[in-house]
Undergrad: 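Have a look at this one.
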Amino acid sequence: MSSSQHDMNPRSQSILAGLRWACVALACLWIAFCTSVGPIYRADASIASYSWGNALILIVTFTIDMVIVLAVVRWAKGRRNGLIPNDGAATTNPSEGFHGSSKKQSRLRSRLHSVLLSHRSTRSIARFTTRRWSAISPWIMRLTATRSSLFLVFTIGWLWAFATLLAAYGADIHSQINEFNLWWANLQGVRLPYLHGFTQMDIYPTGHYLWPHDPTYLTDQHNYLLTLFYGGVVAVFRKLSGSDDAGIVVLAGLQMLFAAFCCASTADRFFNAGKPRINGKPASAGARLAILALFLLTPLSAFSTISLTKSPAFAYSFVWWIGILYVLYRTAGRGEVSTSATRWPPKRLCAELAISSLLMIGTAKYGIYVVAVQIILSVLADRRRWKTYALCMLVPMVAFEALLMSLISAGAVIQGDPIEAKGIQLQQIARVAERDPENIPASARRQLEPILDLQAMALKYNPNDADPVKSSGGETKVTVYKWRTVTADDMKHFNSAWLSIGLRNPVLYIDAFMAECYGYFDVTDVPYVSMNYYVNNGYVQDSSAWIKNWMHSWRDRVAGFAFAWGRTPVIGWLTNANFWLVLSLLLLCIEFALGRFRALSYQTTLLVLMGVMIFAPANNYDRHILPLVFVFGFLAVAFVRDTDELPTTRAPELGEGGVNASEKSADITQTR
């Protein structure tokens, strides 16, 4: 409990606690609702068919979620008050009056222990397991003791994927390479089709009203910096080898090394409280092994290291970023003492924060929203170091946006089409066009006529994916979005037309919305597109120059194994990203219920990412959830560490090369 909460009277504290638990209950209810409607939308039915069976699923799921939250909250409070053993030593707090309860728990544990060990085979298994674990634990601790050793662990652990699969990709990388090639050829003076011929910008598509008068072929569809990097590397290796494949493999190898660096850096900070060194008990060998297993053994993580789409690159940048924010959270001064070290963290840490923030913004367009929200949260939680957050996050964000706007204004880059942000709205209109076209108001038809072909929209509607109704695809695609002829004035009427249709068809609008997002919060739903898709699709296995000949059958077997594992009930949840999303949301609920608002100051961006997923163009896309998958284990370690610390713990030391900060420990008195 924070110091400000201690100053409140008991009634105010009770009201705030009630509000916190109401928010927790709503979050659990959302998870339960998404799970309960899963059978409906997998059958392509409607919310109108919601039955007692669906209600039973909701009740059971809600109960399980709330029990998990309540149990962990009670465990955290009990551990903090000395009722639950810490590091194997049971302690009690006499001032709390729990002697009898503690003794009773101790007797129950002793009784259970004696029952379990009463059988000879059980005793043998227990002795064998204890001896083996005692031998393995020190080895695990040594192997994960430094950033460099962790980097080697991740690199060697993922090397099999790079060596045998080379790279994993889909249509996006080819679009970016083609876009770069057209842009570069245009710079060299080559005359190419523009407004009067089919080009790369028509594949996305991007409305012609957004194209500058003078030809340019560089767009912000996939973030122009990432396109320049991918396309430039591939162009260099095409010059050397004669095909794109060598450049693609090099990009995959560079991404694997980048992933190893990001994960090693953050693992060192959460495992060992290192770089810069901060106080805190090191993570246990069991926790380290579990997190390493998640990263090294699950196909979701291994495939991501070599998958050339923007989502894995963003996800690993996010992992690096969260580790830096964790150090800043742990070293945030809360007392009256203020020194230069408290106001300015080490230069290396500031540089890492700035670079990781820029990478997030540069790899995914929604990264700017994540960074913007974090700036506000960080300043509110750590006002003394506002200059650090302004310099390391605000300046890169403003500089990136200013450069992009300047390039768009100058006609050097084509702005991303606003239609990309209207996926949910397009799905809702398309569902009405498919299932009740007569109920579309005539005024809405007139407003939408210059923008959309409603008949084609009904034909191409897919409840799980908005891309078909955005006319994404090759030259032979069915045109739904009239990107060639639509104007900026036409688009001004889109929202009013969408609203008037929705007022006539509220149930269909609810169906379209839920069908495109429920899977992210339903652990029983399998991914619409899992990471193994990028391993053995047609782009890799058929259309590549020579990658398709490299261990072709092995690639099929690996992807098939991952597919089968992901669709195995319960066991397969471990390889599906939405399972880790739900766990992350429950962890945030637990932190919120305990009133650990300063811890939430660096974790709330996970909620922003969940919001991005809800409004993403597809339902339950594994790659959209990767940031949450990768940071959950680290946040769980941080939660246990925050729980274990005593209120008397003093200020951590911040700095490198002998630079110390005289501060109080961060957030160590939030729960008592």
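These values consider heavy atoms only, across backbone and side chains, with no hydrogens, waters or symmetry-generated copies. What you see is a predicted model; the values in this text were computed from it and never measured. Quick note: residue numbers are just sequence positions, from 1.
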Undergrad: How long is the span from the CD atom in Glu179 to the CG atom in Leu218, to the nearest 0.5 Å?
TA: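 Here the rounded value is 5.5 Å.
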Undergrad: Quick one: does Ser584's side chain get under 4.5 Å of Leu606's, heavy atoms only?
TA: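 When only atoms from C-beta onward are counted, Leu606 and Ser584 do touch, with a gap below 4.5 Å.
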Undergrad: By salt bridge (Lys or Arg N to Asp or Glu O under 4.0 Å), which residues pair with Asp244, not counting sequence neighbours?
TA: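 For Asp244, the residues satisfying salt bridge (Lys or Arg N to Asp or Glu O under 4.0 Å) (neighbours in sequence not counted) are Arg238.
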Undergrad: What are the two closest heavy atoms between Tyr194 and Pro212, and how far apart are they?
TA: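 Looking at all heavy atoms of both residues, the shortest contact is OH-O, 2.9 Å.
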Undergrad: A side-chain contact here means heavy atoms from C-beta on lying under 4.5 Å apart; do Leu210 and Pro418 qualify?
TA: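 Leu210 vs Pro418: side chains touch.
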Undergrad: Do the side chain of Ser500 and the main chain of Ala497 share a donor and acceptor less than 3.5 angstrom apart?
TA: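 At least one qualifying donor-acceptor pair exists.
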Undergrad: Would you check if Phe561 and Arg557 make a side-chain contact, meaning some heavy-atom pair closer than 4.5 Å?
TA: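 Answer no - side chains too far apart.
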Undergrad: Between Phe579, Phe639, Trp580, which is the residue that forms a ring pair (Phe, Tyr, Trp, His ring centres under 6.0 Å) with Phe632?
TA: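 Considering Phe579, Phe639, Trp580, a ring pair (Phe, Tyr, Trp, His ring centres under 6.0 Å) with Phe632 is found only for Trp580.
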Undergrad: Under the salt bridge (Lys or Arg N to Asp or Glu O under 4.0 Å) rule, collect the residues that match up with Lys422, sequence neighbours excluded.
TA: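 Result, salt bridge (Lys or Arg N to Asp or Glu O under 4.0 Å) vs Lys422: none returned.
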Undergrad: What pairs with Arg431 under salt bridge (Lys or Arg N to Asp or Glu O under 4.0 Å), at least two apart in sequence or on another chain?
TA: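 Arg431 satisfies salt bridge (Lys or Arg N to Asp or Glu O under 4.0 Å) with no residue once adjacent residues are dropped.
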Undergrad: Using distance alone, with no hydrogens and no angle criterion, decide if Thr487 and Asp490 have a side-chain donor and acceptor under 3.5 Å apart.
TA: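 Judged by distance alone, the side chains do pair up.
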Undergrad: Using distance alone, with no hydrogens and no angle criterion, decide if Trp483 and Asp202 have a side-chain donor and acceptor under 3.5 Å apart.
TA: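 Asp202 and Trp483 do have a side-chain donor-acceptor pair below 3.5 Å.
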Undergrad: Could you grab the distance from atom CD1 of Ile64 to atom CD1 of Ile31, nearest 0.5 Å is fine?
TA: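 Between Ile64 CD1 and Ile31 CD1, I get 11.5 Å after rounding to 0.5 Å.
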Undergrad: Which distance, rounded to the nearest 0.5 Å, do you find between the CD of Glu420 and the NZ of Lys365?
TA: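 Going from the CD atom of Glu420 to the NZ atom of Lys365 covers 6.5 Å.
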Undergrad: Using distance alone, with no hydrogens and no angle criterion, decide if Gln541 and Asp556 have a side-chain donor and acceptor under 3.5 Å apart.
TA: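 Looking only at side-chain atoms, Asp556 and Gln541 do form a donor-acceptor pair, the distance falling under 3.5 Å.
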Undergrad: His222 vs Tyr204 aromatic rings, parallel, tilted or perpendicular, using cut-offs 30° and 60°?
TA: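 His222 vs Tyr204 ring planes: perpendicular.
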Undergrad: Regarding Asp465 and Tyr528, do their side chains bring together a donor and an acceptor under 3.5 Å, going by distance alone?
TA: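 Per modelled atom types, Asp465 and Tyr528 side chains form a pair under 3.5 Å.
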Undergrad: Please check if the number of heavy atoms outside Leu503 that lie under 6.0 Å from its CG is greater than 12.
TA: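 It does: Leu503 CG has more than 12 such atoms within range.
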Undergrad: Does any part of the side chain of Asn578, heavy atoms only, come nearer than 4.5 Å to the side chain of Phe521, both counted from C-beta?
TA: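 They are not in contact (no side-chain heavy atoms under 4.5 Å apart), so the answer is no.
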Undergrad: How about CD on Glu401, more than 12 heavy atoms from neighbouring residues, nucleotides or ligands closer than 6.0 Å, or not?
TA: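 Enclosed.
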Undergrad: So which heavy atom on Ser49 is nearest to which on Asn54, and how close?
TA: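 Reported closest heavy-atom pair: O-OD1, 4.0 Å.
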Undergrad: Where does the angle between the aromatic ring planes of Tyr366 and Phe314 fall among parallel (under 30°), tilted (30 to 60°) and perpendicular (over 60°)?
TA: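 The rings of Tyr366 and Phe314 stand perpendicular, inter-plane angle above 60°.
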Undergrad: Aromatic contact between Tyr534 and Phe303, with the criterion being ring centroids under 6.0 Å apart: yes or no?
TA: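 Between Tyr534 and Phe303, the centre distance exceeds or equals 6.0 Å.
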Undergrad: If you compare all heavy atoms of Lys310 against all heavy atoms of Leu226, which two are closest, and at what distance to 0.1 Å?
TA: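 Nearest heavy atoms, Lys310 then Leu226: CB-CD2, 3.7 Å.
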Undergrad: So how far is it from Asn505 CG to Asn439 CG, rounded to the nearest 0.5 Å?
TA: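 Going from CG on Asn505 over to CG on Asn439, the span is 4.5 Å.
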Undergrad: Under the 3.5 angstrom rule, does the side chain of Asp220 hit a backbone N or O of Gln415 as a donor-acceptor pair?
TA: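 Pair absent, no side-chain N/O of Asp220 close to backbone of Gln415.
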Undergrad: Could you tell me whether the side chain of Val540 reaches within less than 4.5 Å of the side chain of Ile547, counting heavy atoms only?
TA: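 Of all side-chain heavy-atom pairs linking Val540 with Ile547, at least one is under 4.5 Å.
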Undergrad: Is it true that Gln255 and Thr305 share a donor-acceptor pair across their side chains at a distance under 3.5 Å?
TA: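 Not at all, the side chains of Thr305 and Gln255 share no donor-acceptor pair under 3.5 Å.
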Undergrad: Rounded to the nearest 0.5 Å, how far apart are CG of Asn464 and CD of Gln427?
TA: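 That separation rounds to 8.5 Å.
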Undergrad: Not counting sequence neighbours, list each pair that qualifies as a side-chain hydrogen bond (donor to acceptor under 3.5 Å, both in side chains) and has a residue in residues 23-46.
TA: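 Pairs touching residues 23-46 that pass the test: Ser36-Tyr50, Tyr41-Asp511, Arg42-Asp522, Arg42-Asp525, Asp44-Arg435, Ser46-Asp511.
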Undergrad: Quick one, Thr605 and Phe318 - any side-chain contact, counting heavy atoms below 4.5 Å?
TA: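 With C-beta onward as the side chain, the pair touches.
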Undergrad: Do the rings of Phe258 and Trp320 sit parallel, tilted or perpendicular, given the 30° and 60° boundaries?
TA: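 Judged by the thresholds at 30° and 60°, the geometry between Phe258 and Trp320 is perpendicular.
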Undergrad: Could you tell me which residues satisfy side chain to side chain contact (heavy atoms under 4.5 Å, CB included) with Ser443, sequence neighbours excluded, listed by chain and number?
TA: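 By the side chain to side chain contact (heavy atoms under 4.5 Å, CB included) rule, Ser443 matches Pro441, Arg446.
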Undergrad: Measure across His624 and Ser311 and return the closest heavy-atom pair with its distance rounded to 0.1 Å.
TA: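 Taking His624 first and Ser311 second, the nearest heavy atoms are CD2-OG, 3.9 Å.
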Undergrad: Is any side-chain heavy atom of Cys263 less than 4.5 Å from a side-chain heavy atom of Phe295?
TA: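 Sidechains of Phe295 and Cys263: in contact.
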Undergrad: Are any of the side-chain heavy atoms of Tyr481 and Leu452 separated by less than 4.5 Å?
TA: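 Yes, at least one pair of side-chain atoms sits under 4.5 Å.
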Undergrad: Answer yes if the side chains of Thr164 and Trp554 hold a donor-acceptor pair under 3.5 Å, and no otherwise.
TA: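 Indeed, the side chains of Thr164 and Trp554 share at least one donor-acceptor pair under 3.5 Å.
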Undergrad: Considering only residues two or more places apart or on different chains, which pairs with a residue in residues 602-623 satisfy salt bridge (charged side-chain N to carboxylate O under 4.0 Å, His left out)?
TA: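 Matches after skipping sequence neighbours: Asp172-Arg623.
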